[in-house]
Amino acid sequence: MDLTFTPEQQAFRQEVRAWMRAHVPPEPLVTLEREDGYHQHVAWERTLASGNWGMVTWPEAYGGRGLDLIQWLIFEEEYWAAGAPLRANQNGIFLLGPTIMEYGTEAQKARFLMPMARGEVMWAQAWSEPNAGSDMAAITTRAVRDGDHYRISGQKTWSSRASFADWGFGLFRTEEGSKRHHGLSFLLFDLNTPGITRRPIRQLHGDPGFAELFFDEVRVPVANRIADEGAGWNVAMATAGFERGLMLRSPARFQATAARLVTLFRKHEQRLSPVVREQVLAAWMGAQAYAYNTYAVASKIIAGGHIGAEASLNKIFWSELDRAMHRTAMQMLGAWAELKHFDDGSVNAWLEGYIFSLSGPIYAGSNEIQRNIIAERLLGLPR
Amino acid sequence: MDLTFTPEQQAFRQEVRAWMRAHVPPEPLVTLEREDGYHQHVAWERTLASGNWGMVTWPEAYGGRGLDLIQWLIFEEEYWAAGAPLRANQNGIFLLGPTIMEYGTEAQKARFLMPMARGEVMWAQAWSEPNAGSDMAAITTRAVRDGDHYRISGQKTWSSRASFADWGFGLFRTEEGSKRHHGLSFLLFDLNTPGITRRPIRQLHGDPGFAELFFDEVRVPVANRIADEGAGWNVAMATAGFERGLMLRSPARFQATAARLVTLFRKHEQRLSPVVREQVLAAWMGAQAYAYNTYAVASKIIAGGHIGAEASLNKIFWSELDRAMHRTAMQMLGAWAELKHFDDGSVNAWLEGYIFSLSGPIYAGSNEIQRNIIAERLLGLPR
Amino acid sequence: MDFRLTEDQAILVEGVRDFLAGVHGAERLRRLDMRDPPRSPELWAELTSMGLPCLLVPVAEGGLGLGLVEAVLIAQELGRAAVAEPIVDTALVAVPWLVARAVPAPYAAIVAGEARIAVAHPVNPWIADLDDATHVIARGSLLARHGDAGAAWESVDPLRRLFASGDIGEGDDLLLDLGALMAAAQLRGLADAMLAQAVAYAGQRQQFGQPIGAFQAVKHHLASVAVAIEFARPVLLRAADAVQHGSRSASIHVSHAKLAAGDAAIQAAETAIQIHGAMGYTYEVDLHFWMKRAWALAGAWGDRALHLGRINAAILRGTLSTGPSHTFV
Amino acid sequence: MDFRLTEDQAILVEGVRDFLAGVHGAERLRRLDMRDPPRSPELWAELTSMGLPCLLVPVAEGGLGLGLVEAVLIAQELGRAAVAEPIVDTALVAVPWLVARAVPAPYAAIVAGEARIAVAHPVNPWIADLDDATHVIARGSLLARHGDAGAAWESVDPLRRLFASGDIGEGDDLLLDLGALMAAAQLRGLADAMLAQAVAYAGQRQQFGQPIGAFQAVKHHLASVAVAIEFARPVLLRAADAVQHGSRSASIHVSHAKLAAGDAAIQAAETAIQIHGAMGYTYEVDLHFWMKRAWALAGAWGDRALHLGRINAAILRGTLSTGPSHTFV
């Protein structure tokens, strides 16, 4: 065990810090869930790409830097410490990119990865259907083979980024009459293909960002299928594993929240003391623990280890931490909590953050599902 | 709605207060779970009976005062405010007594109720069996009819008071081959009948109090059966309803705990502040809310109303409140928490109370069972 | 001592509940949400015709002369229906304050639904529904409103209308208690409505071949919410009774009610959205109207810190007796 | 930066765990509980033969010269096995303190298992295992113990031996950190053992025709405990590393570890007894030994108030930098 950074790692930290200081927009961007904000965030992805900071963990051949997970954590720490924006490209970086690298053909890698890395093509995910949320194997949207194309008909929902993104990926039932996780294929599709209708879903905060996607005999080339026909479930499980796993939520983001919470507490301390203090201390402790744990898991993976059901422990921890931190901030803000802007005109990011945090225990496998996984797979309780 | 006490109620409160002031032992009794303490508590029951304070809600004909539930609450408030001891006769007052009044024959009432009210015969309950805890319908101990007797064979466990008490009551399978809640009968038995072996169970705190009861062809007169043969389940459910319901835990007991917690906090405030404060305030609020709710339910019952599945809300509230209050006290006591006595020689009642509070969410139907009942019967969720 | 509602109270509550269920369902909320501002003269007229403005107005002034227990029961129903019109401030906060302080007031106009009273208090940085008000309570007086209310501040709750409060001087303690009490009552109504929505959704939404309400985890989450809501009820009634009778400790009981109902509402909201899954995160279902109102009212009229602070001062400083003999002090 | 255990560390832990599983199962605890005092020279000899006393003794003094990371790993295993012999205080608290403070010490006797060092600190009102100790650390010195230790105080934990501490002067901060760190490590081991016991019981106890572990409520309670235990692990290791390297912020990290492990242990205990039902409330199953140790150690070497207070001073007073770039400050 060695908890010190090498001189190379320290130098790398300085490099990231300097670049971020020079490039992070001085004013917060408009929310990613609105069209104007989305375009601001895409522009930021392209700025990141210009400095080759878009996909730091990807191999250099695909537009990345080939960094290891410890370097990734350092990058993330400096990224969030600089107050840099949310990543519009999250679906690409952590979900689809690694999936194509693992399961794609050379042609698919050549075609899709570079534009993703450069922020030129933005990706939406399309897993869920109205009757397949937590129970993803209940997917019914079908893709019927028709020569060198599939014809897709059906509906996807809760498709993040799909209101504005360029391409989408998801699971479709390619074998007629197949049940549950059999007969599914993993397909990529241009969101502007004829027959696709996007219906933005208005979220809690009033902005879209999610969308429903309606498919009416949409023609998608067979060349856009990742891995074999019928092998979609395994591919998606690997992708979902990335999602639940280490890289979905970097600890730096929560440490930044905890630090903001400390600042908020100090500002209001006279009024708040003593009732909120312990919750603020718990926020710092939780964010630190999550950071340490991520460093520990990263160390294990770098050494060739794997994470399996432990990812469920992670998912529960960060999602409940995030909600608790924002709930605490809402309590501290009192009568200001409901306002979208403070009296100095600044955005009430705590309110937005609280709303966003409520999705944490729901998405990427609800925390109820995660607790089942922990109980059955890690602890060995009977099904 | 009228939240004031009548002059009669106020006068009654003064009467209880004066009697308690004159009779409550100045020093705490030894724990009821030990033989010496048990006898001290039985003596206290007889003192209570001498003032006719033993069974205040029972009809006068059976040795009570025929008080209504509001008077009972006033009695309990003054009882606990005076620091009076735990009730050794709890099983009789709240479980068996009302059951006999509702289901017993005149002969049974005449035979059993007066000695119970006078504290002359102490009763143990014998519901659970090794494989029938939460799942009480899994009872297997059988009572085979043999003329005017039953012959009981089998085993009961977690039998409260059975280490030292005189008589017991419980459910037995009187119909051979019957399943679940069919074919059970409610029987009373002298704990000194030949064939009964009591094995005290050592509890967490090291003292017995619970016992296992082994029955080896124990002869119990048919006259000791409450209600019809085979009707035991319904009788027991009514009894368990009394237990879970209003009178198992009077709010005054929790208000006394909350008040002690406030005192403990004040004593240690300099060291504790600010982290425990909110938990102490929550204790006061919880105990008050429980008291109000009990007054509200009492008002409803006096007016002819009933409580059904609402009793489960009650059980969860008081048991989790009690555990939280004692957990808070343990935290406040820090390095003293583990000690059975403080340096002034006084008993660490918080430690005993914490251990006792851990049984709250388990007994009288675990809180998991209670939450099932609330969800299915009150909220109407599917089974 | 009788903690039951009177028959009259029970009938009143039922009547208001049925009325609101009829005129103020989720469809109405959606329609109001489309308007700018999200107010409806027709709805106000309906609420007036139901007699809501006159409930607490003295009989001599043409009202029903009801008390604060009735007021919290009605406020609960207004919360259950997520009513955002300024009926609570006018009829349930302003009127009892005017009566208690013997301030001359335009009761006839209030009864007729023509007067609307906005309420300023330094505990809130905003004044709700100031633009539309005919009067405002501020600095211990009832003032005719004049001038421009300015632009509305944007609340997360699309049906709330908040305006800068400006310099409104010191606060009046009774006004704070009344505002907090009615916020608490609405919060409990909101909580109960969210529980009902979550129960209904859980009974209908199928996953893994069964309604999700058949899963024990879902059951237990909802049961815990039911416990919190149940035990907020008598606290609320007891607080209303204490304020009504001018009890010395009334403020403590109001704070208790605000905390119990506010915490129940936040727990209900977090549980309900969890059970609705992604659906609860959208405008596709109605839950969001109730959640947002709960977030708003949880911080309005004194936040957790303020109310815990008041209880702290009373309990831990020893100005209120505690223990079993002091249930109704 | 590598947060993995070294292979040597992994082998050491496994060896100690296997050894303790062999000599120190629940049966041994029951036998010790029958003795007065509940101590066993044979057990001490076994622990000595396993080499536990010499782990942290410098190589030049005949020991293995291991560090605090190894120490917390061993303390976790001693917690998992609920070992009550004074091995933690002697080998894992006293020895590293003596080494760090360069106090001349009877290392040969320690290595041979002949010296036992009791540790006094004003944060505890008692001194553990004073009666049997050859030495005591108090007032910043190592003293030969003499005189009568007095009567043992009765702990809820039948295997603890506590004695009045008397006037022991000011506290030594490093000693407090070492004591708290090793208590935290034992607490995490205890928590993990209680989780394992509850899982085993839930898999075997039948109710309503199935093992209770098949009920989702039981699963979710246990999963929550698993989360708490998992996330206490790196906090503990990071604190050990900080103390080992004399980091300026070491005390903060020790406090964090004590809170994380202590809270996990209390949660594990309350969950485990709930799942054991009435059985967990008795001596019939072994759980009580672990619960009682957890209750004792949660309050020992600084309670929640003390450790939260230290973190409060650092974080909210701003003496420790927070935020994403400061993970390892």
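First the proteins, then the strands, lettered A, B, ... as listed; each starts at 1. Atom set for the values below is all heavy atoms of this structure, side chains included, hydrogens, waters and symmetry mates excluded.
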query = Taking atom CG of B:Asn293 and atom CG of C:Leu237, what is their separation to the nearest 0.5 Å?
reply =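 CG of C:Leu237 is found 10.5 Å from CG of B:Asn293.
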key: Euclidean distance, B:Ile70 CD1 relative to C:Met1 CE, rounded to 0.5 Å   =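 If we round to the nearest 0.5 Å, C:Met1:CE and B:Ile70:CD1 are 6.0 Å apart.
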Check whether any side-chain heavy atom of [X] sits under 4.5 Å from a side-chain heavy atom of [Y], and report yes or no.
X        : Y        : result
C:His256 : B:Trp284 : yes
B:Met285 : C:Phe231 : no
B:Arg17  : C:Ser325 : yes
C:Asn312 : B:Arg277 : yes

Toward chain C, the part of [X] with a non-hydrogen atom under 4.5 Å:
X        : answer
B:Arg260 : neither
B:Ile316 : side chain
B:Leu379 : both
B:Ala256 : both

ask   = Hey, is C:Lys219 close enough to B:Glu368 for a salt bridge, meaning N to O under 4.0 Å?
value =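 Salt bridge flag = no for B:Glu368 with C:Lys219.
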Minimum-distance pair of heavy atoms, taken over all atoms of [X] and [Y]:
X        : Y        : answer
C:Gly203 : B:Pro382 : CA-CD, 4.4 Å
C:Thr327 : B:Gln288 : O-NE2, 3.1 Å
B:Ala259 : C:Gly323 : CB-CA, 3.8 Å

ask   = Between C:His220 and B:Asn372, do the side chains contain an N or O donor and an N or O acceptor separated by less than 3.5 Å?
value =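 Looking only at side-chain atoms, B:Asn372 and C:His220 do form a donor-acceptor pair, the distance falling under 3.5 Å.
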ask   = Which pairs with one or both residues in residues 3-17 of chain C pass salt bridge (charged side-chain N to carboxylate O under 4.0 Å, His left out), sequence neighbours excluded?
value =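 Output for this query lists C:Asp2-C:Arg4, C:Arg17-C:Glu77.
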query = Is the B:Tyr295-C:Phe3 ring centre distance short of 6.0 angstrom?
reply =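 No, they do not, as the ring centres are separated by 6.0 Å or more.
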inquiry  = Apply side-chain contact (heavy atoms from CB on, under 4.5 Å) to residues B:Met1 and C:Gln244 and explain how you reach the verdict.
reply    = CA-CA 12 Å; B:Met1 213 180 91; C:Gln244 180 70 47; over 6 Å; no
query = Where does the angle between the aromatic ring planes of B:Phe5 and C:Phe328 fall among parallel (under 30°), tilted (30 to 60°) and perpendicular (over 60°)?
reply =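 Because their plane-to-plane angle is over 60°, the rings of B:Phe5 and C:Phe328 count as perpendicular.
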query = Would you find a donor on one side and an acceptor on the other, under 3.5 Å apart, between the side chain of B:Arg266 and the backbone of C:Leu316?
reply =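 Yes.
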Exam field: side chain B:Gln255 to backbone C:Thr322, donor-acceptor pair closer than 3.5 Å =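 Checked: no pair found.
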query = For chain C, which residues from residues 74-82 of chain B lie under 4.5 Å away (heavy-atom distances)?
reply =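 B:Glu77, B:Glu78, B:Trp80, B:Ala81, listed by number.
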